[in-house]
Undergrad: 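I have a structure here, written as C-alpha cells, and I will follow up with some questions on it.
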Amino acid sequence: MLEYIKQWLARRRGGTVGDHDAANLPSPKTVGDQPLSRSRLIVLDLETTGLNASKDEVIAIGAVAIEGGVIHLNDQFDLILRRPELDIRETVLIHGIGPEALTQGYETQDALLYLLEWMNGDPILAYHSAFDQKFLEKTLKSQLGYTLPHVWMDVAELMPAFFPKATIKGRGLDDWADVFGLEISERHHAAADALVTAELALIALNTARKNDVKTLKELSEKLHYQRRLQHMHRY
C-alpha cells in the first residue's frame, strides 16, 4: 500500500493525476437514483487518540470498497499517519499503535490527499458514522482546508432497519458480527474493523434489494425512517 501511494504521489506531483491540491480532488457524489447494484460505497473506520473530536486526533485510517454487490479486497486503504507529536499513552492499549508506529507512519497530508482521490467522492458507510464523520471532517479541514460534505450512512442504523427481529445483546459492531457469525481478525484495528463493517453492510444491502430497496435514494430514505423510529422509541 505504501509503495503504491508513493507512486501515486509522484504521478500527482508530476501533473499526471492533477495538482497536489485539495481543490482539484473529486467532488462528493449526491444520493440519487443510482442502483445499489452498481454503486461504489466506501466503508471506513478510524483509530483516534481518544473520543473527543475537539481535542483528539486521527492516527489510522482503514477503508474498503463495496461495488457490484462485492467487497473488493484489492480496493482497500490501510494507513497509520505520521503523528509523532501526539500523546497516545491513554489509548495505546486499545488500538496497539505506539510512538514508533506514529513516527514511521505516512505523512498526514499525503495520506489524506490519496484517501480523497481513492474515495472518488463516493458515499461513505461507517459503524456509528457520526464519530468517524466528525473526526475525518475535522482532520480534512485542518490539514487540507477541505470542507466539501460527503454522503455518510450509518451501518449501526442499516442493520436494525433490515433485521428488526434479530436477537442482539447490544448495539456494538461485535454484537452484530456475532449475530451473523462473522470473525473480526483484529479488533480496534482500522482496516479489520472496516472489513467486518463492510461484511455487515453487504448482508444488509443484499436484504435491501430483496425488499425492493434498489437505489441509493431509497436506501437513504429507509435509514431516515429508521432514525425517526429509534427516536420515537426513546420517548
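Computed from a predicted model, the values in this text were never measured in an experiment.
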Undergrad: How many angstroms lie between OG1 in Thr108 and CG in Leu113, if you round to the nearest 0.5 Å?
TA: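 Output value for this atom pair is 11.0 Å.
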Undergrad: How many angstroms lie between atom OG1 of Thr197 and atom CD1 of Ile66, to the nearest 0.5 angstrom?
TA: 9.5 Å
Undergrad: Is there a side-chain contact between Leu36 and Leu216 in this structure, where contact means two heavy atoms from C-beta onward sitting under 4.5 Å apart?
TA: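 Yes, at least one pair of side-chain atoms sits under 4.5 Å.
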Undergrad: A quick test of your reading: do over 12 heavy atoms of other residues, nucleotides or ligands sit less than 6.0 Å from NZ of Lys138?
TA: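 Result for NZ/Lys138: enclosed.
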Undergrad: Is there a side-chain contact between Ile168 and Met159 in this structure, where contact means two heavy atoms from C-beta onward sitting under 4.5 Å apart?
TA: no
Undergrad: Indicate the atoms forming the closest heavy-atom contact of Leu44 with Ala194, along with that distance.
TA: C-CB, 4.4 Å
Undergrad: Are side-chain heavy atoms of Leu158 and Leu200 found at a separation under 4.5 Å?
TA: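 Not in contact.
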Undergrad: Quick one: sort the Trp176 and Phe163 rings into parallel, tilted or perpendicular, breaks at 30° and 60°.
TA: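 If you compare the ring of Trp176 with that of Phe163, the planes turn out tilted.
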Undergrad: To check you understand the geometry: which heavy-atom pair defines the closest contact between Ala198 and Val64, and what is its length?
TA: CB-CG1, 3.5 Å
Undergrad: Once you round to the nearest 0.5 Å, how far does NZ of Lys29 lie from CD of Gln34?
TA: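 If I round to the nearest 0.5 Å, the distance is 9.0 Å.
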Undergrad: Would you say that more than 12 heavy atoms from the other residues, nucleotides or ligands in this model lie under 6.0 Å from the CZ of Phe180, or not?
TA: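 Enclosed: over 12 neighbouring heavy atoms sit under 6.0 Å from CZ of Phe180.
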Undergrad: Begin with the C-alpha distance, continue with both residues' side-chain angles, and end with the deciding distance and a verdict on side chain to side chain contact (heavy atoms under 4.5 Å, CB included) for Arg40 and Asp75.
TA: CA-CA 11 Å; Arg40 181 173 181 263; Asp75 195 7; 3.2 Å; yes
Undergrad: Taking 4.0 angstrom as the limit, do Asp154 and Arg227 come out as a salt bridge?
TA: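 Judged by the 4.0 Å cut-off on N to carboxylate O distance, Asp154 and Arg227 do not form a salt bridge.
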Undergrad: Show the nearest heavy-atom pair for residues Leu205 and Leu41, with the distance to one decimal.
TA: CD1-CD1, 3.7 Å
Undergrad: Checking Asp132 side chain against Leu46 main chain: does a donor-acceptor pair fall under 3.5 Å?
TA: yes
Undergrad: Just jot down the salt bridge (charged side-chain N to carboxylate O under 4.0 Å, His left out) partners of Arg83, sequence neighbours excluded, or say none.
TA: Glu57, Glu85
Undergrad: Sub-3.5 Å donor-acceptor pair from the side chain of Glu218 to the main-chain atoms of Lys214, do we have one?
TA: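 A pair under 3.5 Å: yes.
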Undergrad: Just wondering, do Leu73 and Leu195 contact through their side chains at under 4.5 Å, heavy atoms?
TA: yes
Undergrad: Side chains of Leu144 and Leu116: closer than 4.5 Å at any heavy-atom pair?
TA: yes
Undergrad: Does the pair Asp78 and His189 meet the rule for a side chain to side chain contact (heavy atoms under 4.5 Å, CB included), with working shown?
TA: CA-CA 10 Å; Asp78 180 13; His189 179 279; 3.9 Å; yes
Undergrad: Tell me every residue that passes salt bridge (charged side-chain N to carboxylate O under 4.0 Å, His left out) with Asp175, counting only those two or more places apart in sequence or in another chain.
TA: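 Residues passing salt bridge (charged side-chain N to carboxylate O under 4.0 Å, His left out) with Asp175: none at all.
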Undergrad: Tell me the closest heavy-atom pair linking Gly62 and Ala190, and the distance in Å.
TA: N-CB, 3.4 Å
Undergrad: Short question: side chain of Arg82, backbone of Thr103 - any donor-acceptor pair under 3.5 Å?
TA: yes
Undergrad: Working to the nearest 0.5 angstrom, can you tell me the gap between Asp193 CG and Tyr127 OH?
TA: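 Answer rounded to 0.5 Å: 11.5 Å.
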Undergrad: Is the shortest heavy-atom distance from the side chain of Ile61 to the side chain of Leu112 under 4.5 Å?
TA: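 Yes, close enough: below the 4.5 Å cut-off.
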Undergrad: Quick one: are Ile71 and Val43 in side-chain contact, heavy atoms under 4.5 Å?
TA: no
Undergrad: Please report the shortest heavy-atom distance between Ala161 and Gln226, naming the atom on each side.
TA: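 Taking Ala161 first and Gln226 second, the nearest heavy atoms are CA-OE1, 3.4 Å.
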Undergrad: Quick check: does any side chain N or O of Lys222 sit under 3.5 Å from a backbone N or O of Phe162, one acting as donor and the other as acceptor?
TA: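 Flag not set: sc Lys222 to bb Phe162 has no pair under 3.5 Å.
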Undergrad: Do Phe135 and Leu51 share a hydrophobic cluster (ILVMFWY, side-chain heavy atoms under 4.5 Å, transitive)?
TA: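 Yes, because Phe135 and Leu51 connect within a single hydrophobic cluster, where side-chain heavy atoms sit under 4.5 Å apart.
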Undergrad: With sequence neighbours left out, what residues match Glu221 under salt bridge (charged side-chain N to carboxylate O under 4.0 Å, His left out)?
TA: none
Undergrad: Assess the residue pair Met153 and Ser129 against the criterion (side chain to side chain contact (heavy atoms under 4.5 Å, CB included)); give the C-alpha distance rounded to whole Å, side-chain angles, the decisive distance to 0.1 Å, and a yes or no.
TA: CA-CA 7 Å; Met153 297 183 183; Ser129 61; over 6 Å; no
Undergrad: Specify the closest pair of heavy atoms between Thr147 and Lys141, including all atoms of both residues, with the distance to one decimal.
TA: CG2-CG, 3.9 Å
Undergrad: Hydrophobic clusters here meaning ILVMFWY residues chained together by side-chain heavy-atom distances under 4.5 Å, can you tell me if Val70 and Leu219 are in one?
TA: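 Hydrophobic grouping puts Val70 apart from Leu219.
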Undergrad: Go through it in stages, so that I can follow the logic: the residues are Leu115 and Leu79, the test is side chain to side chain contact (heavy atoms under 4.5 Å, CB included), and I'd like the CA-CA distance, side-chain angles, deciding distance and then a yes or no.
TA: CA-CA 10 Å; Leu115 174 67; Leu79 280 185; over 6 Å; no
Undergrad: Once you round to the nearest 0.5 Å, how far does CD1 of Ile124 lie from CD of Gln133?
TA: 8.0 Å
Undergrad: What is the distance from atom NZ of Lys134 to atom OG of Ser54, rounded to the nearest 0.5 Å?
TA: 9.5 Å
Undergrad: Quick one, Leu148 and Leu25 - any side-chain contact, counting heavy atoms below 4.5 Å?
TA: no
